[in-house]
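What's counted below: heavy atoms across the whole structure, side chains too, no hydrogens, waters or symmetry copies.
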Amino acid sequence: MLGRVIAVANQKGGVGKTTTVINLAAYLADSGKRVLAVDVDPQGNTTTGLGIDKGLVDASIYDVLLEGELFKDALLPTEIVGLHLLPATLDLAGADVELSQMPNRELLLDGHIRTIRDRYDFVFIDCPPSLGLLTINALTAADAVMIPMQCEFFALEGLSQLLSTIDLVRERLNPRLELEGVLLTMYDARTNLAAQVAKEVRQHFNQKVYQAVIPRTVRLSEAPSHGQPILRYDPKSRGARGYQELAEEVSQHG
């Protein structure tokens with residue numbers, strides 16, 4: 001059985017994409033699933049957040065996409081049993097330009113992921129905060145897109161651009177691509193605004209919004225600097241509970 005490939009995307013930065021990939025992947029692996037996180041963000045925060053020193057990485061996603069490195073040879077184990085990582089380094093910063101010169105440039109990641117997807121139950125791709133060729137590669141390789149959305153005033157603004165890109169990829173490159181779900185992040189229960197935004201998003205996307213909501217917490221933002229998912233850093237925190245609930249929802253769907 002082939003693993004489910006989920007791109008975690010939003011061209012807005014700071015909405016919780018990387019936090020979601022790290023923690024959702026960790027909880028699913030902890031529950032016994034075989035999980036792969038693929039870091040295609042030049043900032044490489046998923047790589048760092050899973051405890052990998054980017055300076056010591058021999059082969060990264062850059063080497064796979066642009067240097068002919070075999071996908072399986074660039075995979076690294078993490079401290080969470082059952083969770084592997086394909087790391088990103090700063091080499092990736094110019095990759096959009098380099099990719100634009102290559103034949104079948106939108107299909108490169110898809111070709112590589114096909115070689116390993118039968119080994120995993122879930123593959124999560126952390127996309128950069130842009131709609132360039134790296135994100136297009138992720139959408140072309142994915143079965144579905146998860147959109148983390150911050151509970152703030154402009155949450156829905158700019159989303160039409162992402163949804164148009166998803167439609168375009170579905171029409172031209174990847175007919176199987178669907179919306180996996182919208183995840184409400186950085187939720188501050190003390191504000192009326194957060195409740196209002198959550199209500200608006202649920203009305204807009206109906207059943208596609210996860211029941212799990214990720215709260216705004218200091219512990220969640222601290223964990224990556226220690227190279228640990230929240231289930232290791234502070235498993236009793238509210239953020240940990242949010243991602244554990246999300247993992248259960250995703251697991252049922254997958």
| Other residues, nucleotides, ligands: >12 heavy atoms within 6.0 Å of Leu90 CG |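 Atom CG in Leu90 is not packed in, count stays at 12 or less.
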
| Gln11 versus Thr135: any side-chain heavy-atom pair under 4.5 Å? |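 Not in contact.
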
| said: Using side-chain heavy atoms (C-beta onward) and a distance below 4.5 Å, is Met149 in contact with Phe205? | reply: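 Of all side-chain heavy-atom pairs linking Phe205 with Met149, at least one is under 4.5 Å.
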
| field | Sole candidate of Val57, Leu92, Val40 that passes side chain to side chain contact (heavy atoms under 4.5 Å, CB included) when paired with Tyr62 | value | Leu92

Main-chain N/O of [Y] paired to [X] side chain as donor or acceptor, under 3.5 Å:
X: Asn23; Y: Thr19; answer: yes
X: Lys54; Y: Gln43; answer: yes
X: Thr115; Y: Gly111; answer: no
X: Arg34; Y: Arg119; answer: yes
X: Arg232; Y: Ala223; answer: no
X: Ser237; Y: Arg219; answer: no
X: Lys208; Y: Leu179; answer: yes
X: His112; Y: Leu65; answer: no

Is a salt bridge present between [X] and [Y], judged by a nitrogen-to-oxygen distance below 4.0 Å?
X: Lys17; Y: Asp126; answer: no
X: Glu245; Y: Arg238; answer: no
X: Arg117; Y: Asp143; answer: yes

Ignoring hydrogens, what is the shortest heavy-atom contact between [X] and [Y]? Give both atom names and the distance.
X: Leu83; Y: Ala29; value: CB-CB, 3.8 Å
X: Leu139; Y: Asn174; value: O-ND2, 2.9 Å
X: Thr20; Y: Met146; value: CG2-SD, 3.9 Å
X: Phe124; Y: Val21; value: CB-CG1, 4.1 Å
X: Asn137; Y: Leu99; value: ND2-CD1, 4.2 Å

| said: Set out, in order, the CA-CA distance, both residues' side-chain angles and the distance that settles salt bridge (Lys or Arg N to Asp or Glu O under 4.0 Å) for Glu152 and Arg216, then state yes or no. | reply: CA-CA 11 Å; Glu152 58 162 36; Arg216 183 187 288 280; 5.8 Å; no

If we ignore angles and hydrogens, is there a donor and acceptor under 3.5 Å between the side chains of [X] and [Y]?
X: Tyr27; Y: Glu248; value: no
X: Asp188; Y: Thr191; value: no
X: Thr47; Y: Asp39; value: yes

| note | Taken to the nearest 0.5 Å, the spacing of Asn45 CG from Ser225 OG works out to 11.0 Å

| said: Within this structure, what is the CG-CD distance for the pair Leu24 and Glu249, rounded to the nearest 0.5 Å? | reply: 10.5 Å

| field | salt bridge (Lys or Arg N to Asp or Glu O under 4.0 Å) between Glu180 and Arg4, worked out | value | CA-CA 11 Å; Glu180 174 79 9; Arg4 187 161 178 79; 2.7 Å; yes

